[in-house]
Amino acid sequence: MTSIPMADGLILGGILFALGLAGVLLRRNLLLILVSIEIMLNGAGVAFVAAGSRWGQADGQVMFLFILAAAAPEVAVGLALLLTYFHHRQSLDADSVNEMRG
Amino acid sequence: MTNLTEIAFFAAGAVAVIATVLAITRPVAVHALLYLIVSLLAVAVVFYTMGAPLVAALEVIIYAGAIVVLFVFVVMMLNLGVRTQETERKWLAGRAWIGPVILSALLLAEVIYLIVRAPVSAAMNSISTPKQIGLALFGPYLLGVELASMLLLGALVGACHLGRTSKSGREARQ
């Protein structure tokens, strides 16, 4: 059924990863930094699935499942930390995190 | 058939890229999340055109369903208002974003150059069925599944702990 060249899938994954990286670097809102990390993980998943479909193996999709299983804890712990920080500081500025002590 | 699949792939890929660009540039957090959902749905279509229907379904259910709902809950709990939008616009303004964008674009150009310079032949014609994926998960990747379960348990305990401390911290402040 499929005949998508692997290069196209890899390029799409690369574009998504670069966009997520730019988001991590240029946003200062902690919530949107977490969103950008999700985008980066998603780009990596696209690359895995593209490579898996190139050789017709299930391994690429298995690796995507592992990425999914790594993304969920990352978001849960990240958002819990973000809520704790917001309750202390009433701010989401990533630049003010360097003032934390202890 | 082949042509249709490719058209679907490129259309969905374009939608994913545009939605992602909008998601990382919106000043309002909820708007960014809406564009993120569009981007994830477009990536699900991309997975489907690449012959991975199970992964496409999981992308919709877990990413667009569960993870984005977590983000929306947090936005609700933070109760960000108009004041925050002004702050966010201020944070986004200025020249600060030019450097990161140029660096990311350079990295991306390098990756694309490497992929294009060493072209790979077209994908083989096969779809990995859910059965194959399940057999691989509980065969050669069994250790990874166990590690993922440990990771999820650790995240559960960690999130519970952080939630408890934030609540007690709020009570202590009041």
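Keep in mind it's a predicted model, so treat the numbers as computed, not measured. Just so we're on the same page: letters track the sequence lines, and every chain starts at 1.
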Quiz item: Mind checking whether M40(A) and L22(B) sit in one hydrophobic cluster, side chains of I, L, V, M, F, W, Y counted as touching below 4.5 Å?
Solution: no
Exercise. Let me know if L12(A) has heavy atoms under 4.5 Å from chain B in its side chain, its backbone, both or neither.
Key: side chain
Self-check item: Note, Q57(A) side chain near V62(A) side chain (heavy atom, < 4.5 Å)
Solution: no
Quiz item: Heavy-atom distance under 4.5 Å to chain A: side chain of V21(B), backbone, both or neither?
Solution: both
Quiz prompt | Side chain, backbone, both or neither of I39(A) within contact of chain B (heavy atoms, under 4.5 Å) | solution = side chain
Quiz item: At a heavy-atom separation under 4.5 Å, does L151(B) approach chain A through its side chain, its backbone, both, or neither?
Solution: both
Quiz item: Going by heavy atoms in the side chains, are L30(A) and F86(A) under 4.5 Å from each other?
Solution: no
Quiz item: Is it the side chain or the backbone of V55(B) that comes within 4.5 Å of chain A heavy atoms, both, or neither?
Solution: both
Exercise. Please check if the side chain of S39(B) supplies one atom and the backbone of Y35(B) the other of a donor-acceptor pair under 3.5 Å.
Key: no
Practice problem: Heavy-atom pairs under 4.5 Å with chain B are the metric here; pick the option from G20(A), G43(A), A50(A) that has the most. | Solution: A50(A)
Quiz item: Which region of L65(A), side chain (C-beta onward) or backbone (N, CA, C, O), has a non-hydrogen atom less than 4.5 Å from a non-hydrogen atom of chain B, or is it both or neither?
Solution: side chain
Quiz prompt | Y141(B) and D59(A), any side-chain heavy atoms less than 4.5 Å apart | solution = yes
Quiz item: I18(B) versus V38(B): any side-chain heavy-atom pair under 4.5 Å?
Solution: no
Practice problem: Heavy-atom distances under 4.5 Å only: say whether L33(B) touches chain A with side chain, backbone, both or neither. | Solution: side chain
Quiz item: Given a strict heavy-atom distance threshold of 4.5 Å, which part of F73(B) is in contact with chain A: side chain, backbone, both, or neither?
Solution: neither
Self-check item: Close side-chain approach of L54(B) to F47(B), heavy-atom, < 4.5 Å
Solution: no
Quiz item: Side chain, backbone, both or neither: which part of I62(B) has an atom under 4.5 Å from a heavy atom of chain A?
Solution: side chain
Quiz item: Can you list the residues that meet the side-chain contact (heavy atoms from CB on, under 4.5 Å) rule with Y63(B), with sequence neighbours excluded?
Solution: E38(A), L41(A), N42(A), F64(A), I67(A), L68(A), A71(A), L40(B), E59(B), I67(B)
Self-check item: Top of L16(A), V77(A), L19(A) for chain B proximity - count of heavy-atom pairs under 4.5 angstrom
Solution: L19(A)
Quiz item: How would you list, by chain and number, every residue that makes a side-chain hydrogen bond (donor to acceptor under 3.5 Å, both in side chains) with S36(A), sequence neighbours excluded?
Solution: none
Quiz prompt | Contact class of L32(A) relative to chain B, heavy atoms under 4.5 angstrom | solution = side chain
Practice problem: Against chain A, label V68(B) side chain, backbone, both or neither, depending on which of its atoms sit under 4.5 Å from a heavy atom there. | Solution: neither
